[in-house]
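Numbers here simply count residues along the sequence, with the first being 1.
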Amino acid sequence: MLKRSPNGHLHLALLVALATASVVALAVPINRTRANEQVSLPYPPSVAGAAAAGEGAEYIQGMMSIVSPELILQPPMRAGALGASGGTFTARESRAALGTEHQRTVSFTVHEDGFASGQVSSQLTVGQAIAEVGIKLSGRDAVTPAADSPLTPGLHVYISHAGSVRLIVEGAERLVYTHADTVAGLLAEVGVQPEPGDRVFPALDQPVSPGMSVSVTTMREKDEATDDLIPFETVYREDADYLQGQRILIEPGEDGHLRREYHVQRVNGREVSRTLLSESMVPPTEQVVALGTGVRATPAPPPPVRQTVPDADGGLNCARTLNVIATWYTAASAGGRGITATGTPVYKGIVAVDPSVIPLGTKMYIPGYGYGVAADTGGGIRGNIIDLGYGPDDVYDWRTRWVDICILA
């Protein structure tokens with residue numbers, strides 16, 4: 001087209017001028033004095049030179065009337081729109097059209113699980129830049145520097161993805177996430193400290209890989225001791241220095257104990273063996289309690305009046321006569337089940353005696369009471385003391401006193 005046109009060299013000069021004007025517009029700052037101030041630049045030198053040479057002046061003037069300096073400074077599409085509408089640049093439009101407002105880009109290096117890669121981002125923080133380049137993180141992953149740190153040129157970002165491991169400790173299984181490189185590091189992260197003798201598989205120095213299983217079997221051996229209580233016993237002793245019914249602590253008792261020492265082995269917390277090492281005993285001490293058997297002293301009674309009761313022959317057939325203190329009792333006052341030492345109930349005619357003085361089964365006559373038989377004993381019946389029994393329906397007509405009794409032959 002340019003070669004066939006008689007003014008082809010002018011067309012070529014015009015295109016060169018347009019390109020030169022664009023470069024000048026980018027290099028020369030545009031100053032704004034008012035919000036709506038138009039930008040005005042001189043014609044490009046190439047165009048002015050062509051006009052001065054007198055080569056197609058009219059044609060050049062016509063072209064300049066169509067292509068204004070303002071239009072030359074705009075991108076082609078924007079210039080065409082403004083040229084068609086007869087519009088001109090404002091200062092703000094000039095900056096937008098020329099691209100003077102742009103975002104910065106930063107180069108940085110990502111080290112992800114030991115692999116390094118160079119990246120470029122226009123974001124402001126490390127976390128935004130990582131997301132922009134397509135790296136996905138979970139809440140368990142580690143990022144250094146932190147995700148909210150500012151992104152600076154040449155920054156090195158280290159990313160460690162947490163791997164899942166099936167951990168079995170003492171038979172209890174759980175899923176853990178770790179950044180550790182070795183089994184020992186994994187156990188340290190979760191707070192498991194194997195002791196000498198424990199079995200760890202894989203070994204502590206083995207590397208950790210996602211999805212692997214790590215088991216810890218604890219093997220414990222220790223000496224333990226047990227103490228079994230041996231309770232003391234109470235011993236009761238009759239003592240005439242204390243009145244009947246009294247219980248006096250003479251010697252306090254003390255418990256003993258049996259101590260055994262064992263060697264115990266446990267696997268995963270469960271006992272698998274127990275070996276007795278030693279055994280020692282501290283015997284208990286008996287508690288001694290005195291039971292009072294004494295009788296309260298009473299004023300001496302008047303001399304006994306010897307009484308005789310004639311039998312069929314006019315007198316008693318006494319094998320011997322015995323001077324005793326005679327008291328009386330009932331089943332209720334004696335307590336217990338109301339059964340005598342010989343197995344009979346208590347009724348009038350039953351006499352409690354000291355068998356060492358009057359043998360059980362001995363028949364006797366007691367003046368003022370009548371006939372009786374030695375059929376019962378008692379804790380307070382010692383020596384020349386007898387206790388005369390009464391049934392529940394009998395008349396209690398006896399008064400404690402000294403009396404001569406007749407031991408029948």
Side-chain angles (χ1 to χ4, degrees), residues 169-172 191-198 216-298 325 327 329-346 350 352-360 374-387 389:
V169 179
E170 292 189 341
V192 176
Q193 298 179 345
E195 295 184 5
D198 291 347
V216 179
T217 302
T218 59
M219 310 288 291
R220 301 286 190 267
E221 294 188 21
K222 63 182 301 186
D223 292 340
E224 299 179 356
T226 62
D227 287 291
D228 298 324
L229 180 69
I230 305 176
F232 65 82
E233 296 182 353
T234 300
V235 176
Y236 296 94
R237 296 176 182 173
E238 294 181 347
D239 194 327
D241 292 337
Y242 303 100
L243 297 177
Q244 292 182 17
Q246 289 184 325
R247 294 190 176 193
I248 308 299
L249 178 63
I250 304 301
E251 296 179 7
E254 185 175 348
D255 292 330
H257 67 269
L258 178 63
R259 184 177 183 84
R260 295 186 178 96
E261 294 185 355
Y262 299 91
H263 183 71
V264 182
Q265 293 181 322
R266 290 183 174 88
V267 176
N268 283 343
R270 299 182 62 182
E271 183 176 315
V272 296
S273 70
R274 176 178 289 261
T275 304
L276 181 64
L277 300 178
S278 64
E279 184 176 270
S280 60
M281 184 181 69
V282 176
T285 302
E286 291 181 340
Q287 176 176 270
V288 179
V289 176
L291 295 178
T293 59
V295 177
R296 188 181 300 275
T298 57
I325 294 179
T327 60
Y329 76 104
T330 65
S333 66
R337 297 180 295 111
I339 302 300
T340 67
T342 58
T344 65
V346 177
I350 295 295
V353 299
D354 181 350
S356 64
V357 178
I358 303 176
L360 291 175
D376 201 1
T377 61
I381 308 303
R382 293 291 183 269
N384 288 15
I385 300 176
I386 63 173
D387 208 6

Item to check | Step-by-step side chain to side chain contact (heavy atoms under 4.5 Å, CB included) determination, Tyr236 to Val288 | outcome: CA-CA 6 Å; Tyr236 296 94; Val288 179; over 6 Å; no
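- In terms of heavy-atom proximity, Ala225 sits nearest to Glu261 at CB-CG, 4.0 Å.
- Ion pairing between Arg260 and Asp227 fails under the 4.0 Å rule for side-chain N and carboxylate O.
- In this structure, Thr377 and Pro355 have side chains that are in contact, with non-hydrogen atoms separated by less than 4.5 Å.
- Residues Gln244 and Val295 are in side-chain contact: their nearest non-hydrogen atoms beyond the backbone lie under 4.5 Å apart.
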Next on the checklist: Could you go through Thr218 and Asp198, starting from their C-alpha distance and side-chain angles, then the distance that decides it, and tell me whether this counts as side-chain hydrogen bond (donor to acceptor under 3.5 Å, both in side chains)?
Outcome noted: CA-CA 5 Å; Thr218 59; Asp198 291 347; 5.2 Å; no
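- The side-chain heavy atoms of Asp354 and Ile385, taken from C-beta on, include no pair separated by under 4.5 Å.
- Summarising the geometry, atom CD1 belonging to Ile381 is positioned 9.0 Å from atom CD1 belonging to Ile386; distances are rounded to the nearest 0.5 Å.
- The backbone N or O of Ala352 sits nowhere less than 3.5 Å from a side-chain atom of Asp376 that would complete a donor-acceptor pair.
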Checklist entry - Between Thr344 and Ile339, does a side chain to side chain contact (heavy atoms under 4.5 Å, CB included) hold up when you go through it step by step? => result CA-CA 6 Å; Thr344 65; Ile339 302 300; over 6 Å; no
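- Counting heavy atoms from C-beta outward, Gln265 and Arg270 have side chains that stay 4.5 Å or more apart.
- Interatomic distance, Glu224 CD to Glu271 CD, rounded to the nearest 0.5 Å: 7.0 Å.
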Next on the checklist: Show, in sequence, the C-alpha distance, side-chain angles and deciding distance for Val289 and Arg237, and conclude whether the side chain to side chain contact (heavy atoms under 4.5 Å, CB included) test is met.
Outcome noted: CA-CA 6 Å; Val289 176; Arg237 296 176 182 173; over 6 Å; no
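- Rounding to the nearest 0.5 Å places CG of Asp239 at 14.0 Å from CZ of Arg247.
- For the pair Leu291 and Tyr242, the minimum side-chain heavy-atom distance is 4.5 Å or more.
- Here the straight-line distance linking atom OH of Tyr262 with atom CG of Asp223 works out to 12.5 Å at 0.5 Å rounding.
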Checklist entry - Run the side chain to side chain contact (heavy atoms under 4.5 Å, CB included) check on His263 and Glu221 step by step: do they pass? => result CA-CA 7 Å; His263 183 71; Glu221 294 188 21; 3.1 Å; yes
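- Using a 4.5 Å heavy-atom threshold, the side chains of Arg220 and Glu195 count as touching.
- In this structure, Arg382 and Glu238 have side chains that are in contact, with non-hydrogen atoms separated by less than 4.5 Å.
- Remark: Arg274 CZ is packed, more than 12 non-hydrogen atoms of other residues, nucleotides or ligands lying under 6.0 Å away.
- Here the OG1-CD1 distance, from Thr342 to Ile350, works out to 6.0 Å after rounding to the nearest 0.5 Å.
- When all heavy atoms of Ala374 and Pro359 are compared, the pair lying nearest together is CB-O, 3.5 Å.
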Checklist entry - After noting the C-alpha distance and the side-chain angles of Thr285 and Glu254, does the key distance pass the side-chain hydrogen bond (donor to acceptor under 3.5 Å, both in side chains) rule? => result CA-CA 5 Å; Thr285 302; Glu254 185 175 348; 4.6 Å; no
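- Counting non-hydrogen atoms of neighbouring residues, nucleotides and ligands closer than 6.0 angstrom, the CD atom of Glu233 reaches no more than 12 such neighbours.
- Counting only heavy atoms from C-beta outward, the side chains of Leu258 and Glu279 approach each other to under 4.5 Å.
- Between the OG1 atom in Thr234 and the CG atom in Leu249 there is a gap of 8.5 Å [rounded to 0.5 Å].
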